[in-house]
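Each chain gets a letter, A, B and so on, in the order its sequence line appears, and its residues count up from 1.
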Number of protein chains: 2
Amino acid sequence: MTSVPSGAPAPGAPVRLLLADDEHLIRGALAALLGLEDDLVVVAEAATGPEALAMARAHVPDVAVLDLQMPGADGVSVATSLRGELPGCQVLIVTSHGRPGHLKRALAAGVRGFVPKTVSAQRLAEIIRTVHAGNRYVDPELAADAISAGDSPLTAREAEVLEFAADGAPVAEIAERAALSPGTVRNYLSSAASKLGAENRHAAVRLARQRGWV
Amino acid sequence: MTSVPSGAPAPGAPVRLLLADDEHLIRGALAALLGLEDDLVVVAEAATGPEALAMARAHVPDVAVLDLQMPGADGVSVATSLRGELPGCQVLIVTSHGRPGHLKRALAAGVRGFVPKTVSAQRLAEIIRTVHAGNRYVDPELAADAISAGDSPLTAREAEVLEFAADGAPVAEIAERAALSPGTVRNYLSSAASKLGAENRHAAVRLARQRGWV
DNA sequence: GAAGCCGTCTGACATTTGTCATGCCGAGTG
DNA sequence: CACTCGGCATGACAAATGTCAGACGGCTTC
């Protein structure tokens, strides 16, 4: 659907890749498949966020392919760190569950590409070339979701309190953790729920999670 | 750690595999890697539960490698169907999020292998051979989790009501859906929460989900 | 077959939660 | 400056929820 420049890669300079994903099966398989492409070479692999950062520092890849959810630190925070330390390294995020909010945060962190794991390896290779060339690529379906979901209507406090409520804690506990009066907490929860069109705070938490707003 | 019989495969009869996973990236990569093994051949791929079933009927594989979470029908229900229709086909479940309850349900459905996606492709190939030989293989760590989590202490009704409560619906709605009095619903939720050591039903839902009991 | 246990179900009561009216403060606007 | 608007905060009231004691039937156990 999207046009990807299939320009000939510089023969003497293959694109150097960092692969980070906690699922060994996927990471290894991906490394093998991408390695088959003449113009791509996997120079480092990592299974956690911190490991990915360390590997990036050590090997200075051209493109970092990061899973969104990893132990330690997620793809977006790794991308933020990389942005500062290695400006020449482009970041591409790959994810199983594409939530609209994540895409937004990722782009804000300077990520150049965002794709679901439902793409084929062939397609991923093309996208890696696109990103390496300095262009952006965002999966059309995820982009559409993000646009239709829009921005979070929640204020800072509302989001904070909603997050504390995420594990089903009673209001009294939330109030203590947020250093607020119980009444205020109820108010925020109530307003957040009505903004999200939810019946109660628990449904609100579910919706906010779905849209990546917490 | 676990001994896997490395017996020579029958040269003329490679193990015929069905691969089912909704993530194209992983499925394709896996197919490529497993195809490199001399004694394994991927004869069919599927992206959804129903598709996996149809493919299995058409190609009659020796081993079906199924993702636990797929659109349409999950790996366990596919396994149950296969068990009846193709008794000669052994089922191996692969998953990202290993919940204790899932493992138990899978084994009850006649699944012969259960592994997380953190294993290497090499290791997966060995496990496929183990399963094809008629043996079982369960990831030691997942097995330990399952044992420590134990069986669900919830009665049938408690689990049912808890499931209805999963999306944060008010009690009145749950009562209607379950054809019970609101008072009874509250009672079940309360008893389920206390059995799980949760403060309220929402925390109970979280815990039950974590342990794979709903 | 009587006793005891477990799962199912119900209504009454106390607690928690959601809703509302209200006040305070800082930013932007005329 | 005066005004308005939106975010932050609170307490009072009404509704939903959690807790409790108890009734009924099926099952095992002695």
**Request:** Starting from P on D/dT17, measure out to CG on B/Leu189 and report it in whole angstrom.
**Result:** 9 Å

**Item:** Distance in Å, A/Thr118 OG1 paired with A/Leu142 CG, rounded so as to fall on 0.5 Å steps
**Value:** 7.5 Å

**Fill in**
From CZ of A/Arg186 across to P of D/dA12 the rounded distance in Å is 11 Å

**Asked** Are the charged groups of B/Asp167 and B/Arg177 less than 4.0 angstrom apart, N to O?
**Response** yes

**Length of the line joining B/Ile174:CD1 and C/dC9:C1', which is rounded to integer Å** = 16 Å

**Prompt:** Quick one: on DNA chain C, does B/Lys195 or B/Asn200 contact a more 5' nucleotide (nearest heavy atom)?
**Reply:** B/Lys195

**Prompt:** Contact class for B/Thr155 (heavy atom, under 4.0 Å): base, sugar-phosphate, or nothing?
**Reply:** sugar-phosphate

**Asked** What is the distance, rounded to the nearest whole Å, between atom CZ of B/Arg201 and atom C1' of C/dT16?
**Response** 12 Å

**Message:** Quick check on C/dG7: is either OP1 or OP2 less than 4.0 Å from any side-chain nitrogen or oxygen of B/Arg157?
**Reply:** no

**Item:** Sidechain N-carboxylate O distance under 4.0 Å for B/Arg99, B/Asp74
**Value:** no

**Request:** Grab the CD-P distance between B/Glu160 and C/dC9 for me, whole Å please.
**Result:** 9 Å

**Asked** D/dT10, C/dT17, C/dC9: which one has an atom nearest the side-chain heavy atoms of A/Thr184?
**Response** D/dT10

**Fill in**
To the nearest angstrom, the NE2-P distance between A/His202 and C/dT16 comes to 14 Å

**Message:** Measuring from the side chain of A/Ser190 (C-beta onward, heavy atoms only), which nucleotide among D/dA9, C/dT19, D/dT19 has the closest atom?
**Reply:** C/dT19

**Asked** Nearest to the side chain of B/Leu180 - C/dT10, D/dT17, C/dT17?
**Response** C/dT10

**Asked** To the nearest 0.5 Å, how far apart are CD in B/Glu126 and OG in B/Ser120?
**Response** 7.5 Å

**Fill in**
When rounded to whole Å, the CD to P distance for the pair A/Glu199 and D/dT17 reads 9 Å

**Request:** Could you grab the distance from atom CZ of A/Arg186 to atom CG of A/Leu180, nearest 0.5 Å is fine?
**Result:** 12.5 Å

**Request:** Could you check how far CZ of B/Phe164 sits from C1' of D/dT17, rounded to whole Å?
**Result:** 19 Å

**Request:** Select base, sugar-phosphate, or nothing to describe what A/Pro182 touches, counting heavy atoms under 4.0 Å on all strands.
**Result:** nothing

**Request:** Please confirm whether any donor atom in the side chain of A/Asn187 sits under 3.5 Å from an acceptor in the base of C/dT19, or the reverse.
**Result:** no

